[in-house]
Amino acid sequence: MRPPSAHLLRRTTLTLTTLFAAIGLTVAGVAAAAPVGASEPGYAALGDSYSSGVGAGSYISSSGDCDRSTKSFPYLWQAAHSPSSFTFVACSGATTADVLSGQLSGLNSSTGLVSISIGGNDAGFADSMETCVLDGTSSCLSAVSTAEAYINGPLAAKLDSTYAAIRAHAPNAHVVVLDYPHLYQVPGSCLFGISDTSRTAINGAADQLDGVIAKRAANAGFTFVDVRGAFTGHEICSSNSWLHSTTLPIDESYHPTAAGQSGGYLPGFTSAAG
C-alpha cells in the first residue's frame, strides 16, 4: 500500500479538526463547552450626570458635553463583567424628557440589564444650588422649597412615564434605579460656604426626591438602590469627601468624584445587578 501523501494528511487533519469543532470537541477529544458566565446579558446605562460620571474625570472624548467617564459606575461595571453589549447613553444635564427622546433607541428585547439615575434635573437641582451658593440662606430656602413642590407634584408622573417607556423598549431587562446622596455632612468641617441651615435644607430635599424615586421605581417593578448610606461620612464637609464642592470646571460641582463612583455607586449597583 502506498503511504498517504503529505497533501492528503493535511487535508484529512483539517477535515477532522473541523468536524470535532462542529460537534463541540477538541482534536484531543475533550469536551469544549463554552465557559460558564463568560459574558453578561446586554447592559444599557441611562440617565443623568450622576450616571455618566461627571466629576470623576477621564471623560470619553466622543461623548462630548455628555461627559461620560471611564471612571463612572456603569463603565467600571461593564469592564468587570463583560456584558454582551454596552450601551452608554447617560448624559450630563439629562431630564426625564431627554431619556424619552434620546436614550431609549439602544434598548431592545435582548437588553438584560438597565441602570438609570434621573429626576434631579427635572427638579431644578443645578438652579437651586446656584441660588444657594450665590444668594444667601433666605433665597436658598426659597429655591429648595420650589424644588420640593415639584418633587412632590409633577415629578411622579414624569418618572412613571419614563419607567414605563424603559419597560416597553426593554421588556426582558432587569432595571436598576439609583438615587442621589446627601451632599453635605451637617455639622461638618467646612468653615466657609453656605450656612448649615441651607445645607440641611438641601439634604432634606434630597430625601424627598429619593423617596419619590423609590416609590415610583417600586410601582414599576424595578429594583431601587439607595446610595445615601454608602456616602455617609463622605459628604461635602466631611474629612473624606466623595463629592465635589464648588469647583472648576463648574459643571463638576456637587457631583461624585471617582471615589464616589467606585465606592458609593458601584457597590450598590453591583449587588442589585446580581
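The aromatic rings of Trp242 and His234 sit parallel to each other, their planes meeting at less than 30°, with 60° as the upper class boundary. Between Phe125 and His255, the ring planes lie perpendicular to each other; the angle is over 60°, past the 30° to 60° tilted range.
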Intermediate values then yes/no, side chain to side chain contact (heavy atoms under 4.5 Å, CB included), Ser262 and Leu76: CA-CA 8 Å; Ser262 63; Leu76 295 174; 3.9 Å; yes
Test log, rule side chain to side chain contact (heavy atoms under 4.5 Å, CB included), inputs Tyr163 and Leu159: CA-CA 6 Å; Tyr163 296 160; Leu159 292 174; 3.8 Å; yes
Phe222 and Val176: CA distance, side-chain angles, deciding distance, side chain to side chain contact (heavy atoms under 4.5 Å, CB included) verdict: CA-CA 6 Å; Phe222 295 166; Val176 179; over 6 Å; no
Residues Leu104, Leu107; criterion side chain to side chain contact (heavy atoms under 4.5 Å, CB included); working and verdict: CA-CA 6 Å; Leu104 301 180; Leu107 305 182; 3.8 Å; yes
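Here the rule is side-chain contact (heavy atoms from CB on, under 4.5 Å) with Tyr254, and of Leu183, Leu243, Ile202 only Leu183 fits it.
Taking the side chain as every heavy atom from C-beta outward, Cys132 and Val144 approach each other to under 4.5 Å. No side-chain heavy atom of Ile116 sits under 4.5 Å from any side-chain heavy atom of Gln103. Between Tyr50 and Asp179, every side-chain heavy-atom pair lies at or beyond the 4.5 Å cut-off. Between Cys190 and Arg199, some side-chain heavy-atom pair lies under the 4.5 Å cut-off.
Within the structure, side chain to side chain donor-acceptor pair (under 3.5 Å) contacts touching residues 115-138 (residues at least two apart or in different chains) are Tyr43-Ser115, Asp48-Ser117, Ser51-Ser117, Thr96-Asp122, Thr137-Ser195.
Side-chain contact, Ser253 with Thr247: no donor N or O sits under 3.5 Å from an acceptor N or O. Neither side chain, Ser238 nor Asn240, offers a donor N or O lying under 3.5 Å from an acceptor on the other. With hydrogens and angles left out, the side-chain atoms of Asp98 and Thr95 include a donor and acceptor closer than 3.5 Å.
Considering every non-hydrogen atom in both Tyr180 and Leu209, the closest pair reads CD1-CD2, 3.6 Å. Nearest approach of Cys66 to Ala90, heavy atoms of both residues: CB-O, 4.1 Å. Annotation for Pro181 and Arg228: closest pair CA-CG, 4.0 Å, computed over non-hydrogen atoms. Minimum interatomic distance between His244 and Ile236 (heavy atoms only, all atoms of both residues): O-CD1, 3.2 Å.
For Ser198 (side chain) and Ile194 (main-chain N/O), no donor-acceptor pair under 3.5 Å exists by modelled atom type. A donor-acceptor contact shorter than 3.5 Å is absent between the side chain of Asp196 and the backbone of Val186. Using modelled atom types, no side-chain atom of Asp160 and backbone atom of Arg216 make a donor-acceptor pair closer than 3.5 Å.
Ring centroid separation for the pair Phe231 and Tyr265 comes in under the 6.0 Å cut-off.
Scanning for side-chain contact (heavy atoms from CB on, under 4.5 Å) contacts around Ala149 gives an empty result, with sequence neighbours left out.
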